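To keep things clear, I will list the structure first and then write my remarks on it.
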Amino acid sequence: MPKTKSTFEKMMEDPKQKEAFDKEYANFLLSELLLDAMAQEKISVRKLSSLSGISTSVIQNLRAMQPVNITLKTLTALLAPLGYELAACKGKKVVKLSV
């Protein structure tokens with residue numbers, strides 16, 4: 001008996017819906033990373049803004065998964081005070097991306 005596909009599996013077969021999901025999922029992951037790191041480091045939005053030089057509105061929008069176009073420079077500036085580095089990886093090769 002063939003397995004019935006879930007609604008999600010059917011949705012992922014449509015390239016446009018998969019692309020939209022992938023984009024939103026990346027935003028979700030970034031938001032979760034930011035929320036978790038800020039909680040672990042006990043850093044408020046205002047404190048992170050002060051440490052990173054990024055406006056509080058951008059940080060709030062990222063945390064709320066609101067559409068924000070950010071550069072690598074902005075992302076690395078946000079992650080550094082939280083103890084993270086941004087890197088590009090291919091196999092065992094890792095290139096650190098810095099401000």
Side-chain angles (χ1 to χ4, degrees):
M1 175 178 245
K3 181 184 170 202
T4 305
K5 290 184 181 180
S6 69
T7 303
F8 179 75
E9 289 171 324
K10 290 175 187 175
M11 185 178 89
M12 290 298 100
E13 290 177 347
D14 179 340
K16 288 183 180 181
Q17 288 186 335
K18 182 173 181 348
E19 182 181 340
F21 172 82
D22 289 345
K23 181 180 178 186
E24 290 305 313
Y25 188 65
N27 290 339
F28 169 76
L29 289 177
L30 179 57
S31 176
E32 286 297 303
L33 172 66
L34 201 55
L35 288 167
D36 185 56
M38 289 175 69
Q40 284 183 4
E41 299 298 320
K42 297 177 177 67
I43 293 179
S44 68
V45 170
R46 285 187 178 171
K47 181 69 173 176
L48 182 57
S49 176
S50 174
L51 293 171
S52 67
I54 306 302
S55 74
T56 57
S57 62
V58 168
I59 296 168
Q60 287 286 40
N61 286 341
L62 286 169
R63 288 170 32 119
M65 294 188 341
Q66 298 299 316
V68 177
N69 288 326
I70 60 171
T71 64
L72 287 175
K73 183 177 180 179
T74 299
L75 187 55
T76 56
L78 283 172
L79 294 177
L82 299 169
Y84 285 88
E85 291 180 347
L86 192 60
C89 306
K90 182 177 182 181
K92 293 184 180 190
K93 183 178 180 179
V94 177
V95 178
K96 292 180 183 178
L97 306 171
S98 59
V99 179

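Since the structure is predicted, the reported quantities are computational estimates derived from the model, not experimental observations.
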With a cut-off of 3.5 Å and sequence neighbours excluded, list every side-chain donor-acceptor pair involving residues 82-96.
residue : atom : partner : partner atom : Å
Glu85   : OE1  : Lys96   : NZ           : 3.4

Self-check item: Partner residues of Asp22 under the salt bridge (charged side-chain N to carboxylate O under 4.0 Å, His left out) criterion, sequence neighbours left out
Solution: Lys18

Self-check item: Gln60 to Val45 - nearest heavy-atom pair and separation
Solution: OE1-CG2, 3.8 Å

Exercise. Identify the two heavy atoms, one from Leu48 and one from Met38, that lie closest to each other, and give their separation to 0.1 Å.
Key: CD2-SD, 3.9 Å

Quiz prompt | Close side-chain approach of Leu75 to Leu30, heavy-atom, < 4.5 Å | solution = yes

Self-check item: Under the side-chain contact (heavy atoms from CB on, under 4.5 Å) test, residues paired with Thr74 that sit two or more places apart
Solution: Ile54, Ile70, Thr71, Leu78

Practice problem: Scan residues 25-43 for pairs that pass salt bridge (charged side-chain N to carboxylate O under 4.0 Å, His left out), counting only residues two or more places apart or in two chains. | Solution: none

Quiz item: Apart from Leu35 itself, what residues make up its hydrophobic cluster, given side-chain heavy atom links below 4.5 Å?
Solution: none

Quiz item: Should Val58 and Leu72 be regarded as members of a common hydrophobic cluster, given that ILVMFWY residues are connected when their side-chain heavy atoms come within less than 4.5 Å of each other, either directly or indirectly?
Solution: yes

Practice problem: Could you pull out all residues at least two apart from Ser57 that satisfy side-chain contact (heavy atoms from CB on, under 4.5 Å)? | Solution: Ser55

Quiz item: Under 4.5 Å between side-chain heavy atoms, hopping through other hydrophobics if needed: is there a path connecting Ile59 to Phe28?
Solution: no

Quiz item: Excluding sequence neighbours, so at least two apart, what forms side-chain contact (heavy atoms from CB on, under 4.5 Å) with Phe8?
Solution: Ser6, Met11, Met12, Phe21

Self-check item: For Ala64 against Ser31, the heavy-atom pair lying closest together
Solution: N-OG, 4.4 Å

Quiz item: Taking only residues two or more places apart in sequence, or in another chain, which ones meet Lys47 in a side-chain contact (heavy atoms from CB on, under 4.5 Å)?
Solution: Ile43, Ser44, Leu51

Practice problem: For Glu19, enumerate each residue passing the salt bridge (charged side-chain N to carboxylate O under 4.0 Å, His left out) test, keeping only those at least two apart in sequence or located in another chain. | Solution: none

